[in-house]
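Scroll down for the structure; my scribbles are underneath it.
On a predicted model such as this, the values are computed, not experimentally measured, just so you know. When a residue number appears, it is its place in the shown sequence, counting from 1. The figures that follow rest on heavy atoms only: side chains count, while hydrogens, waters and symmetry mates do not.
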Amino acid sequence: MIYLDNSATTRPHPQVIETVRRAMESYYGNPSSLHQKGVEAENVLKQARKVAAQYLGCREAEIIFTSGGTESNNTAIKGIAFQYQNRGKHIITTQVEHPAVYDVCKQLEGLGFSITYLPVDRDGRVSVDDVKQAMRPDTILVSVMHVNNELGTIQPVMEIGQWLRQYPKVLFHVDAVQAIGKVPLRIKDSGIDLLSVSAHKFYGPRGIGILYKREGLIIHPLMMGGGQEAGVRSGTENLPAIAGMAKAFRILEELGTVESIRLQGLNQQLREGISRIEGCIINTPETGVAPHIMNLSVPGVKAEVLLHALEERGFLISTKSACSSKINEPSRVLTAIGIARDCALSSLRISLGRENNAEDIKEFVSALQDCVIKLRSYMK
C-alpha cells in the first residue's frame with residue numbers, strides 16, 4: 001500500500017520507535033519522584049524540553065507538554081478565555097480553523113463569549129485587514145492557524161502577529177500542527193503568545209504535543225492536580241512519548257529544508273498529473289501553500305466511493321480532516337472558499353510524506369485517472 005494520508009498522521013520514524021521503547025524500558029520512574037529512577041526520568045524530561053525549545057526557537061520554560069494538538073488548542077483558547085474574561089469576552093478566529101479550534105469557539109459562545117469567524121478568500125486565506133476591522137475594545141484573543149489542514153493554505157500569521165503588537169492585551173494563538181517541519185515560522189518575530197504542536201504529524205508518537213506559552217503569560221489551567229508543567233497541565237508526564245517527540249525534532253533539525261523542497265517537487269508533479277485528468281478540479285491554490293497537501297474534487301463522484309476505489313488499487317488517502325471525515329456533510333473549509341456543495345462532497349485530500357517518491361505519485365495519478373473514468377462511466 002502507498003500511504004498518502006500524512007496530514008492525518010504519519011508513520012513514526014524507526015528511530016523514534018526505538019527511543020520510545022528504550023524510554024519505557026529504562027526510564028520508568030516518575031519525574032516527580034525524589035529517588036534515582038525519578039531523577040533519571042526528570043533528566044530525560046529536561047533534555048526533551050531543551051530539544052523542543054531549540055527547534056521552536058523559544059525558552060525551555062515556554063514549553064508545556066500536552067497530549068497533542070487538540071489539548072494544546074483547548075488549553076490555549078479556554079485558558080485565555082477563562083483567565084481574561086473580566087477584560088473582555090470577544091475572540092477573533094476564522095471560518096476555516098480545525099475543529100479543535102472552531103468547535104472550542106462554538107462551545108465558548110454557549111458560555112457567553114462573542115466570536116467573530118472571519119471569512120477567507122478563494123484560496124482559503126484570511127485578510128489581515130479583516131482582522132484589523134474585527135478588533136473591538138473587548139477583544140482578548142485572536143486565533144489563526146498557520147497551515148490549513150485541508151487546503152494547505154498558509155495564513156499570514158506573521159503579519160497578523162506583528163500588527164497585534166500594538167495591542168498588548170490582545171493575545172495571539174496559532175495552531176501550527178500542520179506546519180511543523182514543512183513551513184518555517186519564527187515564533188518570537190511573529191508576536192505569537194501561544195502555539196500548538198502535535199508530534200504525530202511529524203513522525204513522532206501519537207498522544208503527545210506541545211503548547212508554547214510565552215514566558216510571563218498566565219492562563220487558566222484546564223487540568224488541576226499535581227502541578228506538573230508549571231501548573232498549566234497537571235498529570236504525570238508521558239515520558240516515553242515526550243522522548244520520542246524530542247527524537248522526531250532532532251531528525252527534523254538534521255534534515256533542514258531538504259525534505260520540504262523534495263515534497264514541493266512531488267506536490268508539483270501531483271498537480272501537473274491531476275490537472276491532466278478530465279473531470280478533476282484542484283482546490284488547493286498554486287502559491288502560498290504548504291508542500292505536502294493537495295485537495296481536489298471530482299464533481300458527480302462521491303468522495304467515499306472514489307477513496308475506496310483508490311484503496312483497492314493500493315493507495316490510502318482521505319476525504320477531509322481525519323477528525324471529521326466520517327460526517328456526511330460537505331467540508332466547512334471548502335464551503336467557506338465558495339465551492340458548491342456537490343463539489344465539496346466529492347473532495348479528496350492527498351498528503352505527502354517522507355516515504356513517498358516520484359514513482360508513487362506517477363502510479364497514483366494513473367490510478368486516479370482510471371478510477372475517475374470508471375466511476376464516471378457508471379453515471380452515464
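In this model, a donor atom of one side chain and an acceptor atom of the other lie less than 3.5 Å apart for Ser331 and Glu150. There is no side-chain donor-acceptor pair under 3.5 Å between His90 and Ser114. Gln107 and Lys78 share a donor-acceptor pair across their side chains, judged by distance under 3.5 Å alone. Residues Thr153 and Asp123 bring no donor and acceptor atom of their side chains to less than 3.5 Å of each other.
Residue Arg21 qualifies as enclosed at atom CZ: its count of foreign heavy atoms under 6.0 Å is above 12. Within 6.0 Å of CD on Glu278 lie no more than 12 heavy atoms contributed by other residues, nucleotides or ligands. Atom CG of Leu255 is surrounded by more than 12 heavy atoms from other residues, nucleotides or ligands within 6.0 Å. Heavy atoms from other residues, nucleotides or ligands lying under 6.0 Å from OH of Tyr27 number 12 at most. More than 12 heavy atoms of other residues, nucleotides or ligands shown are found within 6.0 angstrom of CD on Gln166. Heavy atoms from other residues, nucleotides or ligands lying under 6.0 Å from CZ of Arg206 number 12 at most. More than 12 heavy atoms of other shown residues, nucleotides or ligands fall within 6.0 angstrom of atom CD in Glu359. Annotation: Lys50, atom NZ; neighbour count of heavy atoms from other residues, nucleotides and ligands within 6.0 Å does not exceed 12.
Judged by a 6.0 Å distance limit and a 45° cone about the ring axis, Arg354 is positioned over the six-membered ring of Tyr203.
Formation of a donor-acceptor pair under 3.5 Å by the Arg376 side chain with backbone atoms of Cys371 is not found in this model. Judged by distance alone, the side chain of Gln155 and the main-chain N or O of Val126 form a donor-acceptor pair under 3.5 Å. Under the 3.5 Å distance criterion, the side-chain polar atoms of Thr94 are matched with a main-chain donor or acceptor of Val96. For the pair Lys201 (side chain) and Thr9 (backbone), a donor-acceptor distance under 3.5 Å is absent. In this structure a side-chain-to-backbone donor-acceptor pair under 3.5 Å is missing from Asp193 to His173. Thr139 places a side-chain N or O within donor-acceptor distance of the main-chain N or O of Arg136, the cut-off being under 3.5 Å.
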Please step through side chain to side chain donor-acceptor pair (under 3.5 Å) for the pair Glu40 and Gln36, ending with a clear verdict. CA-CA 6 Å; Glu40 290 175 356; Gln36 181 185 345; 3.0 Å; yes
Can Glu42 and Lys37 be said to form a salt bridge (charged side-chain N to carboxylate O under 4.0 Å, His left out), step by step? CA-CA 9 Å; Glu42 184 184 21; Lys37 282 297 178 183; over 6 Å; no
Run the salt bridge (charged side-chain N to carboxylate O under 4.0 Å, His left out) check on Glu62 and Lys213 step by step: do they pass? CA-CA 5 Å; Glu62 296 174 318; Lys213 181 181 71 68; over 6 Å; no
For Ile337 and Val120, run side chain to side chain contact (heavy atoms under 4.5 Å, CB included): C-alpha distance rounded to whole Å, both residues' side-chain angles, the deciding distance at 0.1 Å, then the answer. CA-CA 6 Å; Ile337 66 173; Val120 292; 3.8 Å; yes
Test Glu363 against Arg313 for salt bridge (charged side-chain N to carboxylate O under 4.0 Å, His left out), laying out the working first. CA-CA 10 Å; Glu363 292 177 10; Arg313 294 286 297 267; over 6 Å; no
Side chain to side chain contact (heavy atoms under 4.5 Å, CB included) assessment of Thr75 paired with Ile219: CA-CA 8 Å; Thr75 302; Ile219 65 173; 4.0 Å; yes
Apply side chain to side chain contact (heavy atoms under 4.5 Å, CB included) to Asn148 and Gln178, showing your working. CA-CA 7 Å; Asn148 185 267; Gln178 290 292 347; over 6 Å; no
Where do Ser347 and Ser297 land on the side chain to side chain donor-acceptor pair (under 3.5 Å) test, with the steps shown first? CA-CA 4 Å; Ser347 69; Ser297 292; 4.9 Å; no
Please evaluate residues Asp129 and Lys132 with respect to the criterion side chain to side chain contact (heavy atoms under 4.5 Å, CB included), reporting the C-alpha separation (whole Å), side-chain torsions for both, the decisive distance (0.1 Å), and the verdict. CA-CA 5 Å; Asp129 285 338; Lys132 294 177 181 179; 4.0 Å; yes
Residues Asn149, Ser7; criterion side chain to side chain donor-acceptor pair (under 3.5 Å); working and verdict: CA-CA 7 Å; Asn149 53 294; Ser7 286; over 6 Å; no
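Between Phe172 and Val157 the shortest side-chain heavy-atom distance falls below 4.5 Å. Leu352 places none of its side-chain heavy atoms less than 4.5 Å from the side chain of Pro291. Taking the side chain as every heavy atom from C-beta outward, Ile274 and Met294 approach each other to under 4.5 Å.
Residue Val20 comes nearest to Gly244 through the heavy atom pair CG2-CA, 3.8 Å, listed as atom of the first residue, atom of the second, then distance. Closest approach of Asn238 to Gly207, counting heavy atoms only: ND2-O, 3.9 Å. Asn74 approaches Ala100 most closely through the heavy-atom pair ND2-O, 3.9 Å. In plain terms, the two heavy atoms of Pro299 and Ser346 that are nearest each other are N-OG, 3.4 Å.
Applying the side-chain contact (heavy atoms from CB on, under 4.5 Å) test between Leu310 and each of Leu316, Leu348, Val372, Ile350 identifies Leu348 as the sole match. The only option from Leu4, Thr10, Val183, Leu263 that meets the side-chain contact (heavy atoms from CB on, under 4.5 Å) definition with His292 turns out to be Leu263. For the side-chain contact (heavy atoms from CB on, under 4.5 Å) test with Arg349, the passing option among Asp5, Asn283, Leu296, Leu151 is Asp5; the others fail.
With respect to the salt-bridge test (charged N to carboxylate O, under 4.0 angstrom), the residues Glu97 and Lys106 do not qualify. A salt bridge links Arg11 to Glu355: one of the charged nitrogens lies within less than 4.0 Å of a carboxylate oxygen. Ionic pairing of Glu253 and Arg250 is not present here: no N-O contact between side-chain nitrogen and carboxylate oxygen is shorter than 4.0 angstrom. A salt bridge is absent between Arg22 and Glu25: the closest approach of a Lys/Arg side-chain nitrogen to an acidic carboxylate oxygen does not fall below 4.0 angstrom. Of the charged side-chain nitrogens involved, none lies within less than 4.0 Å of a carboxylate oxygen, so that Arg49 and Glu237 do not count as a salt-bridged pair.
Under the 6.0 Å cut-off for aromatic ring centres, Phe249 and Phe202 qualify, their centroids lying closer than that.
Ring planes of Tyr117 and Tyr102: tilted class, angle from 30 to 60°.
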